[in-house]
Amino acid sequence: MNHLHAAGHICVLKDAFMYESQTEIANLISTDKFDGALAIHLYKGGRLLQGSRIPFGIIFGGTDVNEDVKCEEKHRVMGAVLEEARFAVAFTVKMKELAAAEWPDARKKIYVQTQGIKTTPKETFDWYRFLQNAGIPTDTGSLHVFLLVCGLRRVKDPLYLVDVFSDWHRKEPSIHLGIIGPAVDPLFTSEVKEKVKRAPGVHLLQEMPQDDLHAAMKRCFAVVNSSISEGMSAAILEAMDLNIPVLARNIPGNAAIIKHKETGLLFSNPQEFVVLSKSLMNDPIMEKEIVTRAKDYMKKHHSWESERKAYENLVRRLQ
């Protein structure tokens, strides 16, 4: 949105979950006299724009091309949306190829544009108050706080590492895992709360403003991703930008941005996660090399400026 504002467009952000039908969106479009639309997620956002009177573009979310394609009805709807869209954006070549394999006629209108990242850690962030609020004791000497940043929903699998973390914490009380993010799925969130209550060393933290979150990430030992499926994780990219090591589950979306032992560490099961974390803790030289290479990768492939130019050009297709 910032990119489009900068180009002189007036933008209004709406949550697709607040709308039930295409009719509601059609009414919104005619009332507010919109000229074009950009939907994130081919199914969740795109289906609401189907048959729309204004031109629109799509940004793939990840679960649309990774998961929703498996459902026949969703697949049909997404194909129809893609046919109407002026353009579609995939974060990776892999994501473009997956979509093009499902809808070959759309290949020419799918563009690859990686996410541009800009981190803004708050200078006055109080790390000790953050730890106190999380219930993490600050008197255990060298603390190692791992942060798992994600919306609480099943596809993010935030409970994947909880048991191994608790076992590890019992042996080494300075090890903690903080899970932080919005309660996207209320039912699942209550499951997470119940599980975390009984898991020493694991803490469920309140959602916080982005500049506070970036500051917390900057102070933690490592950022963790344990998703079952990802498009392109902004939290991973933000950690790389902040010079913080990343440990991520070895899935296609994560492996597209992390080269194992070069720009981060990829694990295939909870036990491997612990082994890799310990190796990172015991080898500061490896840690330094990983974060340096990750930061170089970010500058080269995830520049905020080149993302801005790309979207300014794409939006011209809606005029």
Side-chain angles (χ1 to χ4, degrees), residues 114-115 117-122 125 127 130-131 134 136 140-150 156-158 160-162 164-165 168-169 172 174-181 201-203 205 208 210-227 230 232-303:
T114 56
Q115 276 176 280
I117 293 292
K118 192 180 198 179
T119 52
T120 53
K122 193 179 189 177
F125 180 72
W127 175 241
F130 170 80
L131 293 174
I136 297 172
T140 53
S142 61
L143 266 184
H144 286 93
V145 178
F146 293 75
L147 278 186
L148 174 56
V149 182
C150 68
K156 298 293 180 183
D157 209 2
Y160 185 64
L161 299 169
V162 167
V164 289
F165 240 102
W168 188 14
H169 172 79
E172 295 183 48
S174 66
I175 304 290
H176 293 266
L177 172 65
I179 301 171
I180 185 164
V202 182
H203 315 266
L205 311 173
M208 58 207 296
Q210 197 173 38
D211 52 353
D212 282 343
L213 179 60
H214 287 164
M217 286 164 80
K218 203 171 177 181
R219 294 295 302 269
C220 75
F221 172 68
V223 165
V224 179
N225 177 294
S226 57
S227 298
E230 277 290 357
M232 182 173 280
S233 163
I236 288 179
L237 297 174
E238 286 163 357
M240 287 171 142
D241 194 56
L242 292 162
N243 292 307
I244 298 302
V246 174
L247 291 119
R249 195 163 171 176
N250 194 356
I251 55 170
N254 291 343
I257 50 178
I258 292 174
K259 255 195 165 159
H260 185 53
K261 293 194 175 172
E262 284 195 30
T263 53
L265 297 169
L266 296 167
F267 59 88
S268 298
N269 57 58
Q271 292 69 32
E272 190 182 8
F273 166 80
V274 175
V275 170
L276 290 169
S277 298
K278 286 179 177 174
S279 72
L280 194 64
M281 285 161 63
N282 296 328
D283 192 343
I285 293 169
M286 174 174 84
E287 183 196 348
K288 181 89 179 80
E289 286 173 350
I290 282 175
V291 298
T292 304
R293 281 192 293 256
K295 180 74 172 180
D296 290 343
Y297 164 82
M298 288 300 298
K299 284 179 190 160
K300 202 168 164 185
H301 299 284
H302 295 276
S303 121

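Residue indices begin at 1 and follow the sequence shown. Bear in mind the structure is a predicted one, so any value in this text is a computation, not a measurement.
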Please find the pair of heavy atoms, one from Asn250 and one from Ala255, that lie closest to each other, and give the distance. OD1-CB, 3.9 Å
With no hydrogens and no angle check, is any side-chain donor or acceptor of Asn282 less than 3.5 Å from a backbone partner on Lys278? yes
Let me confirm one number: the NZ-OG distance from Lys118 to Ser303, rounded to the nearest 0.5 Å. 11.0 Å
Which is it for Ile257 and Val246 under the side-chain contact (heavy atoms from CB on, under 4.5 Å) test, yes or no, and what are the steps along the way? CA-CA 11 Å; Ile257 50 178; Val246 174; over 6 Å; no
Rounded to the nearest 0.5 Å, what separation is found between the CD1 atom of Ile179 and the CG atom of Leu148? 5.5 Å
Rounded to the nearest 0.5 Å, what separation is found between the CD atom of Gln210 and the CD atom of Glu238? 5.0 Å
Checking Leu205 against Leu147 for the side-chain contact (heavy atoms from CB on, under 4.5 Å) test, could you report, in this order, the C-alpha distance in whole Å, the side-chain angles of both residues, the deciding distance, and whether it holds? CA-CA 10 Å; Leu205 311 173; Leu147 278 186; 4.1 Å; yes
Do you know the tightest heavy-atom contact between Ala235 and Val223? O-CG1, 4.3 Å
Measure across Arg249 and Ser227 and return the closest heavy-atom pair with its distance rounded to 0.1 Å. CD-O, 3.3 Å
Checking side-chain contact (heavy atoms from CB on, under 4.5 Å) for the pair Ile290/Glu262: CA distance, chi angles, key distance, verdict? CA-CA 5 Å; Ile290 282 175; Glu262 284 195 30; over 6 Å; no
If you take all heavy atoms of Lys218 and Ile244, which pair is closest and at what distance? O-CD1, 3.4 Å
From CA spacing to verdict: side-chain contact (heavy atoms from CB on, under 4.5 Å), His169, Leu177: CA-CA 9 Å; His169 172 79; Leu177 172 65; over 6 Å; no
Where does the angle between the aromatic ring planes of His203 and His176 fall among parallel (under 30°), tilted (30 to 60°) and perpendicular (over 60°)? tilted
Counting only N and O atoms by type, is there a donor-acceptor contact under 3.5 Å from the side chain of Ser226 to the main-chain atoms of Asp157? yes
To the nearest 0.5 Å, what is the distance between CG (Asn254) and CG (Leu266)? 7.0 Å
Report the residues that fulfil ring pair (Phe, Tyr, Trp, His ring centres under 6.0 Å) with His302, sequence neighbours left out, ordered by chain and then residue number. Tyr297
Stacked cation flag Arg219 on Phe125, 6.0 angstrom / 45 deg: no
Please name all residues satisfying ring pair (Phe, Tyr, Trp, His ring centres under 6.0 Å) with Phe221, sequence neighbours left out, ordered by chain then number. His144, Phe146
Closest non-hydrogen atoms of Leu237 and Met298, given as atom of the first, atom of the second and distance, are O-CE, 3.4 Å
Which residues share a side chain to side chain contact (heavy atoms under 4.5 Å, CB included) with Glu272, sequence neighbours left out: Phe267, Ser268, Asn269, Leu276
Flag the pair Ile258 / Met240 as yes when at least one side-chain heavy-atom distance between them is below 4.5 Å, and no otherwise. yes
Heavy atoms only: give me the nearest Asn243-Val291 pair and the separation to one decimal. O-CG1, 3.5 Å
Main chain of His301, side chain of Thr114: is a donor-acceptor contact present, judged purely on distance under 3.5 Å? yes
From CG (Leu213) to NZ (Lys122), nearest 0.5 Å: 12.0 Å
Should the ring pair Trp127 and Phe130 be called parallel, tilted or perpendicular, given that the plane angle runs from 0 to 90° and is split at 30 and 60? parallel
Does a sphere of radius 6.0 Å around NZ in Lys295 hold more than 12 heavy atoms from other residues, nucleotides or ligands, not counting ones at 6.0 Å or beyond? yes
Calculate, to the nearest 0.5 Å, the distance between atoms CD and CE belonging to Glu230 and Met232 respectively. 10.0 Å
